[in-house]
Amino acid sequence: MSDQKRLFLVDAYALIFRGYYAFIKNPRINSKGLDTSAIMGFMNSLLDVIKRERPDHLAVCFDKGGSVDRVEMFEAYKANRDATPEAIKLAVPYIYEILKAMHIPIMVKEGFEADDVIGTLSKQAEKEGYKVYMVTPDKDFAQLVSENIFMYKPRFGGGYDIWGVPEVLEKFEITDPLQVIDFLGMMGDSADNIPGLPGVGEKTAKKFLATYGSMENLLANTHELKGKMKEKVEAAKELGILSKQLATIMLDVPVTFDADDFTLDQPDIEKVTELFNELEFRNLLTNFSKTFADENAEKVNSIEDSSDDEPKKSTKKAPPSTEGQFDLFAAPGTGSITDEAIASGFKNIENTNHFYQHINSPLSRKILLQKLLQQKSVCFDTETTGLKALEVELIGISFSFEIGKGFYVSFPEDQDETKTILEEFRPFFEASEIEKIGHNLKYDLKVLSNYNMPVKGNLFDTMIAHYLINPDMRHNMDILAETYLNYQPVSITELIGKKGKNQLSMRVVPINDQTEYAVEDADITLQLKEHFTSELESGNVTKLFNEVELPLVSVLTAMEIEGININTSYLNELSVVLTDDINRLEKNIYEHAGEEFNIASPKQLGIVLFENMKLVDKPKKTKTGQYATGEDILSYLAKDHEIIRNIQEYRQYKKLQSTYVDALPNEVNPKTGRIHTEYMQAVAATGRLSSNNPNLQNIPIRTERGKGVRKAFIPRDENYVLLAADYSQIELRIIAALSEEETMMNAFKNGEDIHASTAAKVFNIPLDEVTREQRSNAKTVNFGIIYGVSAFGLSNQTDLSRSEAKELIDTYYETYPKLKAYMAAQVDFARDHGYVETVLNRRRYLKDINSRNAVVRGAAERNAVNAPIQGSAADIIKLAMINIYKRFEKENFKSKMLLQVHDELVFDAHKDELEIIKPIIKFEMENAFKMSVPLDVEIGIGDNWLEAH
DNA sequence: GACCCCACGTA
DNA sequence: GTACGTGGGGTCA
């Protein structure tokens, strides 16, 4: 029996960074807008260690002020690391607080890195007879490993790997752990900016070590090397020695290991609870409480266990580790982690009681239906053959109305039989008194519509609920389940594989797995609903949810099902013309350049223009170091160089052809002959819709050639025309009304040309003397205001110099003082509350509004101004859509609403109904929301979308 | 094939 | 300066 004392030394920043990047795609933001990913990631790892190992001695080590010695050696040391993310800077003080409350010793030494502190302490403690575990994912520590010193590498998804001497020797293919230093020195480390030997990577470093054993010995024998490698290494001898020094962890930091100081005491549970509550760490708090509540019980048990020399091996089934051979040598913290289950202890289908039943007989279906009809509220979810709702077939429907229980009705491949079975459930779907719960219900409604099965009754969509609770997050059900229910659902990829060639159809998944997967989804969604009902309430968005977003689901469903007709043959002809133009331009460009290259490659184009042709003395570079060749750059050069004008034209035509002219015909649904875009209701952070598959919200209109594409959008047949209804200047009207800036309000009330009116006031001249240029500049400022202007941005957009732009903005604010006050008030509100809101109380949280980084804060401030404007406009058109849809339904019009483009609605208008629907549309849009400024809607009609404008 | 970057279409 | 989605090139596995 070994009673050797154990010391755990935790490398804080390594775990903090790792935690932060693990959540990078779905940062954990609490209701105050604080990004808690780093704190959560770190605490999960720390609690995991404590829970598993019950260490009696433990300390957490931080860097402070970087390594003075290493920077002296090599100025660039760690210089090319990105600045520490804001969220991490904010996280560290919290982590200190929590550690203090947990009574965990913190080790920092100004001017030294945590590596060095841990190294020094490890060696000291080893001498005093301790077994030392360095808790870190960083491979650099392998050099410290000895008989009594181990690396304790936390795994994603819980569990850990222990690296002792044998593991290190095997991983690095060396004979002594100290050779890790030579290894790192040879291959370098881009994250730490250790240069390494040029041309030497992992493979070569291992080979060198096998042959020469050390950096010094390699450098003494470079004559044995061959070719390019010989030249490179010989030229870099000094660099090699320096790299090795940089990679060496120091063992003489002025710190002293004192067993008493490092003893792990009982935490101040009250204080920790308070901190966790403040951070809104519900699951972590549970985890923490369990860890320390079990403390005494565990200690008794551990008498038997203490015969283990090594920490207990994990028995929990952890998800497949991402740390394979390759990952071992990846830069720390940069790996994008797909498995976010850092917190061990998610519930899942295996450890949670549930009763999910497959329903596959007439009798059982009948019983289920009767049950369903007795409910006030039922959650359902469809399983289908694919993702395109209007083209897929139904495979099954899951239902749940009681937590942990649910049913899965499966359907055969035969579509007639499927129809018959589905018909049995018509009483349920048409029952208007039963609430239907789902996650992304629009999809399910569309699938059911394929079988002519409309759904009635109130809806509750958990995806949209969460979109209102926090629009900046993503709303996948899996993530929501993990965040709010501490539950990790069966992953779809586990069932049918990764998307792409080898993906299976749900049809071939064994029926038991189908049932478990499908009912789990309905079960989880049901549970999320309970959760979100109160969260909507506390976010003050219940009304917005019930009266705008949920009714809109049905409206969008109808619009998507409707689709729009396009003139395919016209587009095909257009493509031929474009191809001719493109070929002609291509020839000209090659002639000017004196060489042939891929004009569509910005990389190649940049080299031709700026290296070979040297069109500019100091070409601008993009952030990745390539030459910038964007439209803004080219337009400066256009007047002097024909090749530039040709390139601009080439780009324009290529874009039109690839994105629209050639792509749109492929999007025509073979069954309906129409294009059915998909509106995303839970994507845009401001509350706007977005459109994809295909995106019909960015169809060209500005250029002559672009307008050609619009002509392809046509009415359904000769009895119809397209009707387009546009809000005129809705965002400016909103900002005028919200700021109560009377000058601007009056201009709108009097029906003035707002940009000319602005120009007259700003330049202090009569309205009829405003020049085109003045109006244009005023227009740019008007728009700039909405986006949060800067003099820099304005001067970029106009011919004005920076100082002229600044002067214009200043006069603008003098002309409209209340507007400026309103903008400042929005920013203040955001600082105080952490969010801003629209006229319908739609919120956007701005976590960076108090950031100490001026650039980051500036962006948040512009959002504080823009989000309420853009979002209120979105609110208003959504209201109008709902009201118009209701009227159209009620009147049973043949005319249909087809598209929404942020401030415009497009209709297939039956010629006989034109005069009836025109005033309805105009009225409903202009009166959707009452403000102190009138809304104005312009209606156009035509045989295609261009003419309708 | 998956992913990022660049460029560019709209409001 | 705000908000999106798509297509092609380039790179890596």
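If you check residues 681-688 of chain A against DNA chain B, the residues with a heavy atom closer than 4.0 Å are R688(A), listed by number.
Taking only side-chain atoms of R844(A), from C-beta outward, the nucleotide of dA11(B), dC8(B), dA3(C) with the closest atom is dA3(C). Closest to the side chain of K603(A), out of dG1(C), dT10(B), dG10(C), is dG10(C). Comparing dA3(C), dC6(B), dA11(B) by their closest approach to the side chain of T622(A) singles out dC6(B).
Annotation: ring pair (Phe, Tyr, Trp, His ring centres under 6.0 Å) contacts of Y660(A) (sequence neighbours excluded): none. With sequence neighbours excluded, no residue forms a salt bridge (Lys or Arg N to Asp or Glu O under 4.0 Å) with K620(A). Among residues two or more places apart in sequence or in another chain, the ring pair (Phe, Tyr, Trp, His ring centres under 6.0 Å) test is passed with H676(A) by none.
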Where do N or O atoms of nucleotides 6-8 of chain C meet protein N or O atoms at under 3.5 Å, pair by pair?
{"from": "dT6(C)", "atom 1": "OP1", "to": "N693(A)", "atom 2": "N", "distance (Å)": "2.9"}

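Contacts of I786(A) with the nucleic acid, taken as non-hydrogen atoms under 4.0 Å apart, are absent. Across all strands shown, K654(A) has no heavy atoms under 4.0 Å from either base or sugar-phosphate atoms.
Dashed line: the shortest gap from a side-chain N or O of R702(A) to OP1 or OP2 of dC8(B) is not under 4.0 Å. Between Q626(A) and the phosphate of dG9(C), there is no side-chain N or O to OP1/OP2 separation shorter than 4.0 Å.
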Show the atom names and distances, to 0.1 Å, of all donor-acceptor pairs under 3.5 Å that link a side chain in residues 705-713 of chain A to residues at least two apart or in another chain.
{"from": "R705(A)", "atom 1": "NH1", "to": "D581(A)", "atom 2": "OD2", "distance (Å)": "3.0"}
{"from": "R705(A)", "atom 1": "NH1", "to": "Y653(A)", "atom 2": "OH", "distance (Å)": "3.2"}
{"from": "R705(A)", "atom 1": "NH2", "to": "D581(A)", "atom 2": "OD2", "distance (Å)": "2.7"}
{"from": "R710(A)", "atom 1": "NE", "to": "I699(A)", "atom 2": "O", "distance (Å)": "3.4"}
{"from": "R710(A)", "atom 1": "NE", "to": "P700(A)", "atom 2": "O", "distance (Å)": "2.9"}
{"from": "R710(A)", "atom 1": "NH2", "to": "I699(A)", "atom 2": "O", "distance (Å)": "2.9"}

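The minimum heavy-atom distance between A830(A) and L846(A), with the atom names listed, is CB-CD1, 4.1 Å.
Side chain to side chain, E861(A) and Q826(A) fail the donor-acceptor criterion of an N or O pair below 3.5 Å.
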